[in-house]
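Keep in mind that the numbers below use all heavy atoms, side chains included, and drop hydrogens, waters and symmetry copies. Within every chain, numbering begins at 1; the chains are lettered A, B, ... in the order of the sequence lines, protein sequences first and strands thereafter.
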Protein chains: 2
Amino acid sequence: MLHNEAAFRASLSRQTAVTAICQAIAGWIERGELTYNDRLPAERLLSGQFATTRITLREALGQLEARGMIYREERRGWFVSPPRIVYNPLQRSHFHAMAREQGRKPATEVLDAAKISGPAAICAHLALPAHSPVFCIRRIRRIDGRAVLYVEHYLNPAYFPAILQEDLTSSLTELYATRYAIHYGKVRFAMLPTTFPAPASQALKVADNSPALFITRINRDQYARIIDCDLEYWRYDALHIDVEVE
Amino acid sequence: MLHNEAAFRASLSRQTAVTAICQAIAGWIERGELTYNDRLPAERLLSGQFATTRITLREALGQLEARGMIYREERRGWFVSPPRIVYNPLQRSHFHAMAREQGRKPATEVLDAAKISGPAAICAHLALPAHSPVFCIRRIRRIDGRAVLYVEHYLNPAYFPAILQEDLTSSLTELYATRYAIHYGKVRFAMLPTTFPAPASQALKVADNSPALFITRINRDQYARIIDCDLEYWRYDALHIDVEVE
DNA sequence: GAGTGGTCTAGACCACTGG
DNA sequence: CAGTGGTCTAGACCACTCC
């Protein structure tokens, strides 16, 4: 099959402008000339350096983004991706502890928290009748200053009276334990790659079409009661999932 | 903050050519005017229909691809994505059974199978000394004819004498059970989003920069011995991970 | 061989960020 | 307000697929 042979050679030796640019920039990062969270030079500058157009340059940047080597902040520029956080969704999530164990600096911001009429899908997760009242807490989480996670927590209000008056900036896990004597038990989670929904991309300052890892967790307590569920949208280059069953 | 207000309004009401095209094509799919694995009209045709350039049109197609609504085959065109396969990596993987349970048609192709000197990383996974001989089986898997998975299996040869002479097109799980009386026990898996490596993109006929879900599984048998590990590269729009611990 | 997607050029204007 | 990224135009040639 000469056709396939030719295709194969081409795919091996193909040296398009885009791949050349990718290799050059990847080289800067590997050799440490650019490090974590450093900003790349402006697109017009780079396209000049590589003697090409912005369109072509942006194609290359998009490929490096897809590989998780760089990321962008809406209208601010391109940055070198820091190492991924190793995350086991089956463990009781304690974001701050997890980050610190890996030598990273965590931070949490509460966007808002309210009692709402639960959307049908959420109530189904919580095993409640549709439109039941639920607590909704929306937060974003940072690693080393970079916003990596937009999360909506939905709580069964029966188990957490007056929790909206508490300080929701710290760990919910801890709050559950100290204030309500509720501990996480079994977890179920689902995960699929998509893009950020509008509220998430706004909060994280990413382009609203950029890819994300969407993780749903349904959490039970020590009595196997469903106590809450999380809808998590992660920057997809921030995560390394690692699951080991005990 | 007038700045933020303006930004917010813009982001809500923004109706760029790209988003308009996305909505139009998404509408075709939602209304069933295009269904699973249908090919979209040619790019030049579409760009004419939307009175725009191919660059802009391709931007829109790229966004729909990121959402998992459409996919492309290298130089063949754009197609409507079929529903995702629900996959629990903690369960003993039986690809064919899993697909059939979900009403899909599975297929497997063996690319090659050989005894090789194990790369260091693989030997570490298998708890073998570096460069130990291992069996390497490379396969691709299809759902309803669409190649969705490129996988490299690495087997500890001590447990599977002469397995390379067997028919490797069917389930390894079954082969292990019937021929070697070995059954899967505990599993560990890691997962991270990246892009396809060259051999995978070639085998699956995807652009070599396109995003993929990279899943590593390390499998133990009923005696908790590590028997094999899999390096799986999935089309990222083909999967819906769902993990429930027993 | 016709038509397709993959790549690329050489510009332009706008909306936003940051000093 | 200068500079940036986001968006868009109107073309072009090449390598490949499919008939």
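Between the P atom of dT4(C) and the CG atom of L61(B) lies a distance of 14 Å, rounded to the nearest Å. Going from atom CD1 of I55(A) over to atom C1' of dT7(D) covers 9 Å, rounded to whole Å. Remark: C1' of dC18(D) and NZ of K205(B) are 12 Å apart, rounded to the nearest angstrom. As a whole-Å value, the separation of L57(B) CG from dA10(D) C1' is 15 Å. Between the P atom of dC8(D) and the CZ atom of F50(B) lies a distance of 13 Å, rounded to the nearest Å.
The side chain to side chain contact (heavy atoms under 4.5 Å, CB included) search around D112(A) returns R138(A), not counting sequence neighbours. With sequence neighbours excluded, the residues that form a ring-ring contact (aromatic ring centres under 6.0 Å, His included) with F214(B) are Y233(B).
Residue pairs meeting the ring pair (Phe, Tyr, Trp, His ring centres under 6.0 Å) criterion with at least one member in residues 54-76 of chain B, sequence neighbours excluded, are Y71(B)-F79(B).
Note on T52(B): every side-chain N or O is 4.0 Å or more away from OP1 and OP2 of dC8(D). Contact check, T53(A) against dG11(C): no side-chain N or O comes under 4.0 Å of OP1 or OP2.
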N/O-N/O pairs, protein side and nucleotides 2-5 of chain D side, under 3.5 Å:
{"from": "dT4(D)", "atom 1": "O3'", "to": "R39(A)", "atom 2": "NH2", "distance (Å)": "3.2"}
{"from": "dG5(D)", "atom 1": "OP2", "to": "E43(A)", "atom 2": "N", "distance (Å)": "2.8"}
{"from": "dG5(D)", "atom 1": "N7", "to": "R44(A)", "atom 2": "NH1", "distance (Å)": "2.8"}
{"from": "dG5(D)", "atom 1": "O6", "to": "R44(A)", "atom 2": "NH2", "distance (Å)": "3.0"}
{"from": "dG5(D)", "atom 1": "N2", "to": "R75(A)", "atom 2": "NH1", "distance (Å)": "2.9"}

Review item, side-chain donor-acceptor pairs of residues 60-69 of chain B, under 3.5 Å, at least two apart:
{"from": "E65(B)", "atom 1": "OE1", "to": "R72(B)", "atom 2": "NH2", "distance (Å)": "3.3"}
{"from": "E65(B)", "atom 1": "OE2", "to": "R72(B)", "atom 2": "NE", "distance (Å)": "3.4"}

Do any side-chain atoms of residues 103-110 of chain B form donor-acceptor pairs under 3.5 angstrom with protein atoms, and if so which ones, sequence neighbours left out?
{"from": "R104(B)", "atom 1": "NE", "to": "D144(B)", "atom 2": "OD2", "distance (Å)": "2.8"}
{"from": "R104(B)", "atom 1": "NH1", "to": "P83(B)", "atom 2": "O", "distance (Å)": "3.0"}
{"from": "R104(B)", "atom 1": "NH2", "to": "P83(B)", "atom 2": "O", "distance (Å)": "3.3"}
{"from": "T108(B)", "atom 1": "OG1", "to": "H96(B)", "atom 2": "NE2", "distance (Å)": "2.8"}
{"from": "T108(B)", "atom 1": "OG1", "to": "R141(B)", "atom 2": "NH1", "distance (Å)": "2.9"}
{"from": "E109(B)", "atom 1": "OE2", "to": "R142(B)", "atom 2": "NE", "distance (Å)": "2.8"}
{"from": "E109(B)", "atom 1": "OE2", "to": "R142(B)", "atom 2": "NH2", "distance (Å)": "3.0"}

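A parallel orientation is assigned to the rings of F50(B) and W28(B), their planes being inclined by less than 30° (bins at 30° and 60°).
Here A17(A) lies in heavy-atom contact (under 4.0 Å) with sugar-phosphate atoms only.
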